[in-house]
S.K.: 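I'd like to ask some things about the structure below.
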Amino acid sequence: MSDTHAQTVRFVRQEMMPERAPPIREAGAVKWLRENLFSSWLNAILTLVSLYAVYYILSHVLPWMVFGIWDANSLTECRAVRDELYGENASVACWAVLADRWQQLMFGFYPSEFYWRPVLAVVVFLVALGPILFSGFPRQAIWFSAASPFLMYLLLWGGTIWGPLVVIVGFVIGVVAFQLLAKVAGNIVGGLASIILPILFWLFAAGPLASALAAALPIGLTFVPSDDFGGFMLSFIIGIAGITLSLPLGILLALGRQSDLFIINKVSVAFIEIIRGVPLIVWLFTASLLLNYFLPPGTNFDLMLRVIIMVTFFASAYIAEVVRGGLAALPRGQYEAADALGLDYAKSMRLIILPQALKISIPGIVNTFIGLFKDTTLVVFIGLLDPIGLSNAIRATTDWNGIYWELFVFIGLLFFICCFGMGRYSLWLERKLQTGHR
Amino acid sequence: MTDAATNVAEREIDRTQMQVSDEVAIQVENMNKWFGTFHVLRDIDLTVYRGERIVVCGPSGSGKSTLIRCINRLEEHQQGKIVVDGIELTSDLKNIDKVRSEVGMVFQHFNLFPHLTILENCTLAPIWVRKTPKREAEEIAMHFLEKVKIPEQALKYPGQLSGGQQQRVAIARSLCMKPRIMLFDEPTSALDPEMIKEVLDTMIELAEEGMTMICVTHEMGFAQAVANRVIFMDAGQIVEQNEPKEFFNNPQSDRTKLFLSQILGH
């Protein structure tokens, strides 16, 4: 047996083969069609059925959308225009409701002479977002981002410039206190002082100081109360404030839950479990109704602010758990290597652990953000006029009684664009932070 | 004995700077450690003088890794005293960080930071712990990357390097802190045979420069070539220690004899 094939086993190639193109059936569009749509008879039939289904839906929805009527002042007028253009009972959208109530859907009852303020606030927001979301901006730009919340507050609510400025002073006091005391008395004393001193300042000194300054130099914008806020402006304010505040709070809670310090650990666990274990709507009702019982009589604690705090707490409990997952996914060796190099806790977290843990947690974090943003529509139940609340109000008017598809399609589309954008950004960021397999 | 030395360079080792001084670098006195109720380290007494190259060997679970991890307080000891470079290790965080910045450590699984480039891995601790200016830290880092013979990889990420290269970066990263003592925790155990040699060569060069080193390793060739003392541990205790020649050729305890016959006998 062993010797019989000696002749056929021996082989030496004399000439190397050049590269050839694959057969036409195996390349390009033909291959794709064959593999994905017509790989067997059953699949071919399913493809055709699906194509018909897609055609059927689009053939009804597209004309309804595209031929929709934009120019009318009420639903009756809209129907009259439709009957004239396309015949009795033709199925077309009446987008006129959006055109007619556009400003209300966007700004609620914000005074119309000040519409430029929210618009400018959006511009400030987009500019401030640049240095945070994308690299490649000059370093100083981050200071604008840091100042932007105060600027946006001033633009949206107005009042004197001294309110936001005094709040900034509180932060400065915190930073200075930490820098001075951390060197003399250690990080723990410095850290405590940097929390307690600003709070004392805000509680006792900030109010009188701001009013004194305002009396001396009344510079500012006309004040607009929160009750006038509404529409997408309201959703965006609650959503954006909740997102920006819940991320740092969530990270702190996640670190707290991992901490060896007994009290910090237990407080974090209790906070997370209690906040997460109760429906958001319950917290919103708590914010709007119950909180008044606990606050001293006469305090006027803005409802929107209360809602923002509740939404922030709620999202941060979720973020904390997502980040904890990221922290747990890191190999112990990363913690040990950071320790072995002599980095203290704060530095090892900031430079080594969190950058990696947050990268792992990006999908979960953005998922929570998207959820938070959509959950802002729940504020309709406590009487805030978000887009859903406004659409209910609009449908209750005699002009637009009986319309609903157009409004809800529009609201859904706007939310979809925002959430889809966040999802795309998270994918982009994940790919950007990819640094090869570990 | 000859076959165990295969991974070590054939070249002559330069011993001019390998000198043990009288200065004590590490002093471990009657140290005990428990994991829960399990007594991992029992009455450890060890004095390491500056310039010593100590190889710690022993079966797995004998406590040798735990011992060197106690020296930079990655593990806490419950009894006894550890003094490193004149600083006693207690629960005082300031002292711990000071000791850690003087003691370099190389791990079995490299533990490079995957989100930073090789250069950033090397400059991170000098910049943030030593407050070295960035430019200067980068110069130091490049110097040590050249020393471990991979300066051309400086801008890559750890994930793009081979195991041996990663371990050499890990050594360079420790050296950038200009440590006075280096601890090696099985630095070649996770490497392919081809790569073990390049890492050992780097460690030998370090020994030639007079670095105080404690290496937990199974590379007996390395122990013979470089170490001035070999410590054998079993069941959390130091069973035997001696000069390498004596240790390998004339082991005293039965446990040592058994261990040596098992790792060298085939």
Side-chain angles (χ1 to χ4, degrees), chain A residues 135 139 179 181-192 251 259-262 264 323 326-362 365 429-438, chain B residues 65 68-69 71-76 91-118 120-131 155-161 166 169-170 173-179 182-183 185 190:
Chain A
S135 52
R139 273 209 141 182
Q179 301 243 319
L181 284 171
K183 271 191 198 127
V184 187
N187 280 344
I188 295 176
V189 177
L192 281 177
I251 291 172
S259 167
D260 296 332
L261 304 173
F262 182 79
I264 291 183
V323 173
L327 289 171
L330 279 193
R332 244 174 79 86
Q334 292 292 311
Y335 293 86
E336 288 177 356
D339 286 346
L341 284 171
L343 293 166
D344 59 27
Y345 177 80
K347 281 179 193 141
S348 70
M349 285 299 140
R350 195 175 116 209
L351 300 167
I352 309 297
I353 305 302
L354 282 178
Q356 296 184 62
L358 290 180
K359 189 190 121 189
I360 299 172
S361 328
I362 289 171
I365 291 174
L429 190 64
E430 272 173 70
R431 221 168 303 139
K432 192 182 94 129
L433 295 178
Q434 194 72 39
T435 56
H437 36 86
R438 283 196 281 175
Chain B
S65 284
I68 68 165
R69 287 160 62 86
I71 291 173
N72 68 348
R73 192 80 172 192
L74 286 183
E75 303 285 355
E76 191 183 337
S91 51
D92 184 348
L93 290 174
K94 278 237 164 78
N95 279 354
I96 294 174
D97 283 337
K98 209 185 277 171
V99 165
R100 282 172 177 169
S101 62
E102 299 298 334
V103 178
M105 181 144 190
V106 176
F107 299 87
Q108 180 177 0
H109 295 289
F110 332 133
N111 296 350
L112 295 179
F113 306 129
H115 63 302
L116 301 175
T117 62
I118 300 305
E120 286 165 343
N121 262 281
C122 293
T123 56
L124 184 114
I127 290 175
W128 290 94
V129 180
R130 289 253 191 274
K131 314 281 180 210
L155 298 178
K156 288 192 183 166
Y157 286 96
Q160 296 163 301
L161 268 57
Q166 290 195 40
V169 172
R173 177 176 71 176
S174 296
L175 292 178
C176 285
M177 287 293 280
K178 306 261 174 79
M182 285 286 285
L183 307 173
D185 189 3

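When reading the values below, keep in mind they use all heavy atoms of this one structure, side chains included, and skip hydrogens, waters and symmetry mates.
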S.K.: Give the C-alpha distance, both sets of side-chain angles, the deciding distance and a yes or no for side-chain contact (heavy atoms from CB on, under 4.5 Å) between A:L341 and A:I352.
M.R.: CA-CA 11 Å; A:L341 284 171; A:I352 309 297; over 6 Å; no
S.K.: With a 4.5 angstrom heavy-atom cut-off, could you sort out which part of B:R173 is near chain A: side chain, backbone, both or neither?
M.R.: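 Interface part for B:R173: both.
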S.K.: Which atoms of B:H115 come close to chain A, meaning under 4.5 Å heavy atom to heavy atom: side chain ones, backbone ones, both, or neither?
M.R.: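 Contact with chain A involves both backbone and side-chain atoms of B:H115.
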S.K.: At a heavy-atom separation under 4.5 Å, does B:N72 approach chain A through its side chain, its backbone, both, or neither?
M.R.: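 The side chain, not the backbone.
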S.K.: In sequence, state the C-alpha distance, the side-chain angles, and the governing distance for B:V129 and B:M177, and then conclude on side-chain contact (heavy atoms from CB on, under 4.5 Å).
M.R.: CA-CA 9 Å; B:V129 180; B:M177 287 293 280; 3.9 Å; yes
S.K.: Check whether B:V103 gets within reach of chain A through its side chain, its backbone, both or neither, counting any heavy atom under 4.5 Å.
M.R.: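 Contact with chain A involves the backbone of B:V103 alone.
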S.K.: Using atom types as modelled and distance alone, determine if a side-chain donor or acceptor of B:R100 lies under 3.5 Å from a backbone N or O of B:R73.
M.R.: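 Side chain of B:R100 to backbone of B:R73, a donor-acceptor pair under 3.5 Å: yes, one is there.
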S.K.: Starting from the C-alpha separation in whole Å, work towards a yes-or-no answer on side-chain contact (heavy atoms from CB on, under 4.5 Å) for B:L124 and A:L343.
M.R.: CA-CA 9 Å; B:L124 184 114; A:L343 293 166; 3.5 Å; yes
S.K.: Check the pair B:L183 / B:R69 against side-chain contact (heavy atoms from CB on, under 4.5 Å), numbers first and verdict last.
M.R.: CA-CA 9 Å; B:L183 307 173; B:R69 287 160 62 86; over 6 Å; no
S.K.: Between B:I96 and chain A, with a heavy-atom cut-off of 4.5 Å, which part of the residue counts as in contact: side chain, backbone, both or neither?
M.R.: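 Neither part; nothing is under 4.5 Å.
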S.K.: When heavy-atom pairs shorter than 4.5 Å are enumerated against chain B, which of A:K347, A:R332, A:E336 gives the highest number?
M.R.: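 That would be A:E336.
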S.K.: Is it the backbone or the side chain of B:F107 that comes under 4.5 Å from a heavy atom of chain A, or both, or neither?
M.R.: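 For B:F107, the contact with chain A is made by the side chain alone.
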S.K.: Decide yes or no for A:I362 and A:L433: does some side-chain heavy atom of the first lie under 4.5 Å from some side-chain heavy atom of the second?
M.R.: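 Touching, per the 4.5 Å side-chain cut-off.
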